[in-house]
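Below: the structure, in structure tokens.
Since we're looking at a predicted model, the values are computed, not measured. In what follows, chains carry the letters A, B, and so on, assigned in the order in which the sequence lines appear, proteins first and then strands, with residues in each chain numbered from 1.
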Amino acid sequence: MLDLKRIRFETEAVRDQLAKRGDPEIGAAIDALLQLDKDRRELLGNTEQLKALRNEASRQIADLKTQGKDASAVIDRMRDVADQISRGDERLGTIESEMEELLLVVPNTPLPEVPAGDQSANEIIKTWGEPLETAEWRKPHWELASNLGLIDLERGAKLSGSGFPVYLGAGARLARGLISLMLDLHVEEHGYTEVAPPFLVTRGTMTGTAQLPKLAADAYRVESDDLWLIPTAEVPVTNLHAGEVLAPGEMPRHYVACTPCFRREAGAAGRETRGINRVHQFDKVELVRLERPEDSAEALEDLTRQAEAVLQRLGLAYRVTLLAAGDVAQQSAKTYDLEVWAPGAGRWLEVSSCSNCTDYQARRANIRFRQERGAKPEFVHTLNGSALALPRTMIALLEAYQSEDGAVDVPEALLPFVNFSRLEPV
RNA sequence: GGAGAGGUGGCCGAGCGGCUUAAGGCGGCACCCUGCUAAGGUGUUGGGGGUUUACGCCCCUCGUGGGUUCGAAUCCCACCCUCUCCGCCA
């Protein structure tokens, strides 16, 4: 959430920044917040005065009773005050929960360099590698996966419905190999700490990273326990330090986790769902960082490079896009997408989204740190990025490394992690 | 899932309706004393919010949320977590 004081004191700047997202409802929410904030402070002043009076009277009553004197006159007077206090507290509670509701849906302010507008204003800022030309003989991944016996969509659908692929034999090994390659790279070369977090989390955890309340319809929920299946490792890993104040020596934190990601993808059926491009459960290696505010801008560049390193290792052509404000997730202030070239289907696939969430999630999840011992706690900046999403990486790999005879070669970087160097049609 | 015990300030730990605006200890910080070190003395020391040009003042915070009361760390209710035992189980 945004800092209420920032909304109060830098109102116009906040409005201008949010306007870049192009959502007219945000301005109305800011108006409502400002009014509620004003009401709240007025009411709070009165109620706190009454509480000060009550505290004073309590001391008097205690003194009188200790001296064995009669305190009933004071007690009678305080009955009315107590009544006023509870009415004031009740109204404050109402106002505060309305404010909370608004603050939970007002998105993060985009950074200055983020272009205004919707998806069409996204800027491609870099392309790496030579995108292979499409050709008649190049097959899309769903044909390759089927021909090579790597994935069984029908049996997955039998078990769980469409969008739950089963990886078999070499397909499962390929997935596991890719995961190992990525985790090892980030742990051993990029210095991240590996985390194996829970896949079910509480409502509070989902709220901390801003998947709730807005995106509730996209998440799976276990109703009996009000636990939610994580849509990304960003959720449990960013919340690892929720409610904590990190000591100077504990910053920054760099975590990597591979988890399944569960997404209902409501309304996404049909387009681009063929094969494993858009599924309800997939594995993803995620990088999460907690940084000092002054370091977060450079940290996003660094994190994005680390995600790119995976694609470079695999020799897959990709491009980097700076997302326009209207295309950036609620919690993010700036996002780069990595899109890998899939020459079989002839399209760019989003395999990574790298975001600087500045202090937006840290405020929600209350993640703070001290610059030095004894200093006031400040909110950390949180960052996250996929490195990478498994299915689409596999799609690009299969489509890029196929040859005319229908076989697929294993990229050299992956050889140490699998027990085959070439996949042949079965 | 059942039974029991417990969750207090950075840590340990007392408190079990108003002399607690949380004792005492440890740790941290500042100063004093001691020719170094150790020991000792005095003071200070959490977080959030409101208000103020400022100094400051005020409110909230004893797992969380409700309730009783003029007044709750203390009493009542619900929930969460930790520990012990039992049951079940990879």
Side-chain angles (χ1 to χ4, degrees), chain A residues 1-9 33-104 196-208 212 221-228 236 239-251 260 359-380:
Chain A
M1 59 182 72
L2 297 183
D3 180 7
L4 190 59
K5 284 184 183 164
R6 196 174 141 221
I7 296 176
R8 191 190 303 157
F9 294 117
L33 270 169
L34 285 166
Q35 185 58 51
L36 286 165
D37 178 48
K38 206 173 153 235
D39 294 347
R40 171 179 173 271
R41 282 182 293 135
E42 202 178 300
L43 186 55
L44 190 65
N46 295 335
T47 309
E48 287 190 350
Q49 260 186 326
L50 291 172
K51 285 183 179 175
L53 182 67
R54 178 180 70 185
N55 290 343
E56 179 55 39
S58 281
R59 274 167 235 140
Q60 281 181 29
I61 293 168
D63 285 345
L64 289 171
K65 292 221 170 186
T66 324
Q67 294 165 27
K69 294 181 185 164
D70 175 44
S72 56
V74 188
I75 290 174
D76 283 343
R77 248 184 295 131
M78 293 319 290
R79 265 187 246 280
D80 183 50
V81 172
D83 209 48
Q84 290 181 54
I85 289 173
S86 72
R87 276 200 306 267
D89 275 344
E90 201 173 322
R91 278 177 61 202
L92 275 172
T94 307
I95 290 174
E96 280 167 6
S97 57
E98 281 173 38
M99 293 175 78
E100 177 83 0
E101 221 168 282
L102 287 166
L103 280 170
L104 286 179
F199 306 153
L200 280 87
V201 297
T202 62
R203 177 182 292 270
T205 301
M206 285 286 277
T207 306
L212 290 180
R221 176 185 171 210
V222 180
E223 199 173 346
S224 55
D225 300 284
D226 197 23
L227 286 173
W228 300 69
N239 278 291
L240 266 183
H241 297 290
E244 296 181 20
V245 180
L246 296 164
E250 296 177 300
M251 286 289 286
D359 61 353
Y360 188 87
Q361 294 179 321
R363 284 180 189 281
R364 288 176 163 244
N366 194 21
I367 310 167
R368 295 177 294 169
F369 79 107
R370 292 181 208 275
Q371 290 278 11
E372 45 196 280
R373 210 163 52 145
K376 277 277 170 199
E378 297 175 44
F379 289 106
V380 305

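Between A:L53 and A:V81, the closest side-chain pair of non-hydrogen atoms falls below 4.5 Å. Taking 4.5 Å as the limit, every side-chain heavy atom of A:R363 sits out of range of all side-chain heavy atoms of A:L103. Side-chain contact check for A:D89 versus A:K51: some heavy-atom pair is nearer than 4.5 Å. In this structure, the side chains of A:L200 and A:D225 stay at 4.5 Å or more apart for every pair of heavy atoms. Two residues are said to be in side-chain contact when any heavy atoms from C-beta on lie closer than 4.5 Å; A:L212 and A:R203 meet this criterion. Side-chain atoms of A:R8 and A:R41, non-hydrogen and from C-beta on, do get closer than 4.5 Å to each other. Looking at A:L2 and A:Y360, their side chains come closer than 4.5 Å, going by heavy atoms from C-beta outward.
Taking atom P in both B:rG28 and B:rC19, the straight-line distance is 32 Å, to the nearest Å. Between B:rA73 and B:rU8, the two C1' atoms lie 7 Å apart (nearest whole Å). Using C1' as the reference atom, B:rG18 and B:rG71 are 7 Å apart when rounded to the nearest Å. Comparing the C1' positions of B:rG63 and B:rU69 gives an interatomic distance of 23 Å, to the nearest angstrom. As rounded to the nearest Å, B:rG40 and B:rA54 have C1' atoms that lie 39 Å from one another. A distance of about 34 Å separates the C1' atoms of B:rC79 and B:rG25, rounded to the whole Å. When the C1' atom is compared between B:rU21 and B:rA72, the two are found 14 Å apart, to the nearest whole Å. A gap of 37 Å separates the P atoms of B:rA14 and B:rC88, to the nearest Å.
Atom CG in A:D225 sits about 10 Å away from atom P in B:rC80, given to the nearest Å. Protein atom CG of A:D83 is 10 Å distant from nucleotide atom P of B:rG71, rounded to whole Å. Taking atom CZ of residue A:R203 and atom C1' of nucleotide B:rC80, one finds them 15 Å apart after rounding to whole Å. Summarising the geometry, the separation between CG on A:D39 and P on B:rG50 is reported as 15 Å, rounded to the nearest angstrom. For the pair A:E100 CD and B:rG48 P, the computed distance is 17 Å after rounding to whole Å. To the nearest angstrom, P of B:rG49 lies 12 Å from CE of A:M99. The distance from atom CG of A:D80 to atom C1' of B:rU69 is 16 Å, rounded to the nearest whole Å. A:M78 has its CE atom 7 Å from the C1' atom of B:rC70, to the nearest Å.
Looking at heavy-atom distances under 4.0 Å, A:R8 makes contact with sugar-phosphate atoms alone, never a base.
Of the residues near RNA chain B, A:G374 and A:D37, the one whose nearest nucleotide (by heavy atom distance) lies more toward the 5' end is A:G374. Remark on RNA chain B: of its neighbouring residues A:K5 and A:P377, the 5'-side contact belongs to A:P377, judged by nearest-heavy-atom nucleotide.
For A:R364 (side chain) and A:T207 (main-chain N/O), a donor-acceptor pair under 3.5 Å exists by modelled atom type. A:D359 contributes no side-chain N or O that, together with a main-chain N or O of A:F379, makes up a donor-acceptor pair within less than 3.5 Å.
Contacts between residues 48-64 of chain A and RNA chain B, defined by a heavy-atom separation under 4.0 Å, are made by A:E48, A:K51, A:A52, A:R54, A:N55, A:S58, A:I61, A:A62. Within residues 87-97 of chain A, no residue places a heavy atom under 4.0 Å from RNA chain B.
At least one side-chain nitrogen or oxygen of A:K376 sits closer than 4.0 Å to the OP1 or OP2 atom of B:rG47. Between A:R40 and B:rC59 there is no side-chain polar atom (N or O) within less than 4.0 angstrom of OP1 or OP2.
In this structure, the nucleotide among B:rG46, B:rG71, B:rG28 sitting nearest to the side chain of A:R373 is B:rG28. Relative to the side chain of A:R370, the nucleotides B:rG50, B:rG47, B:rG71 differ in distance, and B:rG47 lies closest.
With a 3.5 Å limit on both pairing distances and Watson-Crick or G-U wobble geometry required, the stems of 3 or more pairs in RNA chain B span B:1-7 with B:80-86, B:10-12 with B:24-26, B:27-32 with B:40-45, B:46-51 with B:56-61, B:63-67 with B:75-79.
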Step by step, work out the salt bridge (charged side-chain N to carboxylate O under 4.0 Å, His left out) result for A:D83 and A:R79.
CA-CA 6 Å; A:D83 209 48; A:R79 265 187 246 280; over 6 Å; no
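By the 6.0 Å contact criterion, CZ on A:R91 is open, its count of non-hydrogen atoms from other residues, nucleotides or ligands being 12 or less. The number of heavy-atom neighbours closer than 6.0 Å to CD of A:Q67, taken from other residues, nucleotides and ligands shown, is above 12. Within a 6.0 Å sphere centred on CD of A:E101, other residues, nucleotides and ligands contribute 12 heavy atoms or fewer.
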